[in-house]
Amino acid sequence: MTRPIETWLTDMDGVLVHEEVPLPGATEFIEALKATGRRFLVLTNNSIFTPRDLRARLLGSGIDVPEGAIWTSALATAKFLADQRPGGSAYVVGEAGLTTALHDVGYVMTDRNPDYVVLGETRTYSFEAITRAIRLIEGGARFIATNPDPSGPSQHGTLPATGSVAALISTATGRRPYFIGKPNPLMMRSALNRIEAHSETTAMVGDRMDTDVISGLEAGLRTFLVLTGSTRPEQVETFPYRPTQVVESVKDLVDLVEPSSM
């Protein structure tokens with residue numbers, strides 16, 4: 001017999017929202033978590049926005065998630081660097097979500113002999129910034145990237161994301177970055193520590209087999225795959241691992257947010 005689920009981690013895009021449109025059951029799921037006092041975090045590999053920004057975005061979709069219940073790859077990256085090298089320095093290619101997170105843990109942003117080059121997602125990658133990052137890495141800076149996602153969606157189509165730019169820098173330098181976000185289970189472990197949760201009593205909800213499910217699995221969590229996002233039903237069997245359960249949407253999980261849950 002498995003222990004009851006006491007804490008929940010859930011992906012955001014593809015689980016709770018698709019762009020700005022709420023997905024079936026998203027509001028009910030979050031409200032059930034809050035009503036029962038369950039500890040939970042909404043996770044995202046997106047490092048552009050701060051938790052405050054993301055709370056506002058979700059609220060605009062009718063989903064009321066507290067700012068403190070949002071965990072981004074930028075926050076996980078900042079936590080990792082603060083643990084590895086407290087009070088260090090970094091040259092950052094990214095947006096406010098990443099620079100704010102690093103600033104809050106006491107990091108100095110500099111392009112002069114930084115400890116790290118930290119690559120995050122941005123809508124304004126510049127040739128000058130990428131060139132500077134390459135030269136700093138060649139000069140000895142350690143290479144960190146917030147997540148390995150090669151692309152992301154937009155209203156106008158696919159956009160290059162952190163993984164694609166990381167590949168460009170890796171090709172130029174011969175140095176691969178250490179990726180912090182999903183599917184690295186480090187993202188899950190940092191989230192568990194954030195809410196003082198235990199892997200045996202925590203579930204991960206996601207829409208992607210290759211990030212959400214595998215990182216949850218490797219962190220020892222129960223995993224729920226929803227079919228409202230990236231992974232299609234016929235693709236599930238092509239992976240060498242399986243989620244604990246496959247459901248149509250997060251709406252099917254509302255009843256599990258109870259003291260008698262699995």
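Just so it is clear, the values below take in all heavy atoms, side chains as well, and ignore hydrogens, waters and symmetry mates.
- When the side chains of ILVMFWY residues are joined at heavy-atom separations under 4.5 Å, either directly or via intervening members, Val247 and Leu227 end up in two distinct hydrophobic clusters.
- A salt bridge does not link Asp11 with Arg208: none of the charged nitrogens is closer than 4.0 Å to a carboxylate oxygen.
- Atoms CG and CG, from Asp13 and Asn45 in turn, are 10.0 Å apart once rounded to the nearest 0.5 Å.
- Leu256 and Val246 are assigned to two separate hydrophobic clusters, defined by single-linkage of ILVMFWY side chains at heavy-atom distances under 4.5 Å.
- Under the 4.5 Å side-chain heavy-atom criterion for Ile, Leu, Val, Met, Phe, Trp and Tyr, Phe179 and Val93 are members of distinct hydrophobic clusters.
- No donor-acceptor distance shorter than 3.5 angstrom exists from the side chain of Thr211 to the backbone of Pro183, with no hydrogens or angles considered.
- For the atom pair Asn46 CG and Leu43 CG, the distance stands at 12.5 Å (nearest 0.5 Å).
- Side-chain contact check for Thr7 and Thr202: at least one donor-acceptor pair (N or O, by modelled atom type) lies under 3.5 Å.
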> Could you walk me through whether Thr231 and Asp212 pass the side-chain contact (heavy atoms from CB on, under 4.5 Å) check?
Replying inline: CA-CA 11 Å; Thr231 302; Asp212 304 316; over 6 Å; no
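- With hydrophobic clusters built from ILVMFWY side chains whose heavy atoms lie under 4.5 angstrom apart, Ile70 does not share a cluster with Leu41.
- Considering only heavy atoms from C-beta on, Asp115 comes within 4.5 Å of Arg142 through its side chain.
- A pairwise comparison of heavy atoms in Asp207 and Val15 identifies N-CG2, 3.7 Å as the closest pair.
- At least one side-chain heavy atom of Arg189 sits under 4.5 Å from a side-chain heavy atom of Ser199.
- Pairing each heavy atom of Ser164 with each of Pro160, the nearest pair is CB-CB, 4.4 Å.
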>> Go through it in stages, so that I can follow the logic: the residues are Arg112 and Tyr91, the test is side-chain contact (heavy atoms from CB on, under 4.5 Å), and I'd like the CA-CA distance, side-chain angles, deciding distance and then a yes or no.
In response: CA-CA 8 Å; Arg112 294 189 176 185; Tyr91 177 71; over 6 Å; no
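- In this structure, the side chain of Thr122 engages the main chain of Thr124 through a donor-acceptor pair within 3.5 Å.
- Side-chain atoms of Met209 and Gln235, non-hydrogen and from C-beta on, never get closer than 4.5 Å to each other.
- When hydrophobic side chains of Ile, Leu, Val, Met, Phe, Trp and Tyr are connected at separations under 4.5 Å, Leu102 ends up clustered with Phe80, Leu81, Val92, Leu98, Val105, Tyr107, Met109, Tyr116, Val118, Ile144, Tyr178, Ile180, Leu186.
- For the pair Val17/Met12, a side-chain contact is recorded, criterion being any heavy-atom separation below 4.5 Å from C-beta on.
- Note that CG of Leu9 is 11.0 Å distant from CZ of Arg39, once rounded to the nearest 0.5 Å.
- Taking 4.5 Å as the limit, every side-chain heavy atom of Phe224 sits out of range of all side-chain heavy atoms of Met204.
- Once rounded to the nearest 0.5 Å, the distance linking CG of Asp111 with CZ of Arg132 reads 4.5 Å.
- Using a cutoff of 4.0 Å between basic side-chain nitrogens and carboxylate oxygens, Arg135 and Glu138 are not scored as salt-bridged.
- The main-chain N or O of Ala32 is never found under 3.5 Å from a side-chain atom of Arg38 such that the two would form a donor-acceptor pair.
- In terms of heavy atoms, Pro22 sits closest to Ile63 at CB-CD1, 4.2 Å.
- Residues Ala96 and Thr50 come closest through the heavy atom pair O-CG2, 4.1 Å.
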> Under the side-chain contact (heavy atoms from CB on, under 4.5 Å) criterion, do Lys79 and Leu75 qualify, and how do the steps go?
Replying inline: CA-CA 6 Å; Lys79 176 68 168 60; Leu75 293 174; over 6 Å; no
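- Note on Asp149 versus Lys182: no salt bridge recorded, every NZ/NE/NH1/NH2 to OD/OE distance being 4.0 Å or above.
- Two residues are said to be in side-chain contact when any heavy atoms from C-beta on lie closer than 4.5 Å; Val250 and Pro24 fail this criterion.
- Taking a cutoff of 4.0 Å between a charged side-chain nitrogen and a carboxylate oxygen, Glu67 and Arg55 do not qualify as a salt bridge.
- Lys34 NZ: more than 12 foreign heavy atoms inside a 6.0 Å radius.
- Using a 4.0 Å cut-off between charged nitrogen and carboxylate oxygen, Arg57 and Asp53 do not count as a salt-bridge pair.
- The closest donor-acceptor contact from the side chain of Ser73 to the backbone of Gly181 lies at 3.5 Å or more, if one exists at all.
- In this structure, Ser151 OG and Leu159 CG are separated by 8.5 Å, a value rounded to the nearest 0.5 Å.
- Of the possible donor and acceptor atoms, none in the side chain of Thr146 sits under 3.5 Å from a partner among the backbone N and O of Ala74.
- Between Leu192 and Leu221, some side-chain heavy-atom pair lies under the 4.5 Å cut-off.
- By the neighbour-count criterion of 12 heavy atoms within 6.0 Å, atom CD of Glu196 is sparsely surrounded, having that number or fewer from other residues, nucleotides or ligands.
- Between the Ser170 side chain and the Ala166 main chain, a donor and an acceptor come within less than 3.5 Å of each other.
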> Where do Thr77 and Ser47 land on the side-chain contact (heavy atoms from CB on, under 4.5 Å) test, with the steps shown first?
Replying inline: CA-CA 9 Å; Thr77 297; Ser47 64; over 6 Å; no
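- Scanning both residues, Pro66 and Phe40, for their nearest heavy atoms gives CD-CZ, 4.1 Å.
- In terms of modelled atom types and a separation under 3.5 Å, the side chain of Asp252 and the main chain of Ser249 share a donor-acceptor contact.
- A 4.5 Å side-chain heavy-atom check between Phe29 and Lys251 finds every atom pair outside the cut-off.
- Listed for the Ser89 side chain is no donor-acceptor partner under 3.5 Å among the backbone atoms of Thr110.
- The 12-atom threshold is not exceeded at CG of Asn113, counting heavy atoms of other residues, nucleotides or ligands nearer than 6.0 Å.
- The closest donor-acceptor contact from the side chain of Ser190 to the backbone of Met187 lies under 3.5 Å.
- Transitive grouping of hydrophobic side chains (ILVMFWY, heavy atoms separated by less than 4.5 Å) brings Leu33 and Leu253 into a common cluster.
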> Yes or no on salt bridge (Lys or Arg N to Asp or Glu O under 4.0 Å) for Arg123 and Glu121, after CA distance, side-chain angles and deciding distance?
Replying inline: CA-CA 7 Å; Arg123 295 289 185 259; Glu121 192 172 353; 3.1 Å; yes
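- A distance of 10.0 Å separates CH2 in Trp8 from OG1 in Thr36, rounded to the nearest 0.5 Å.
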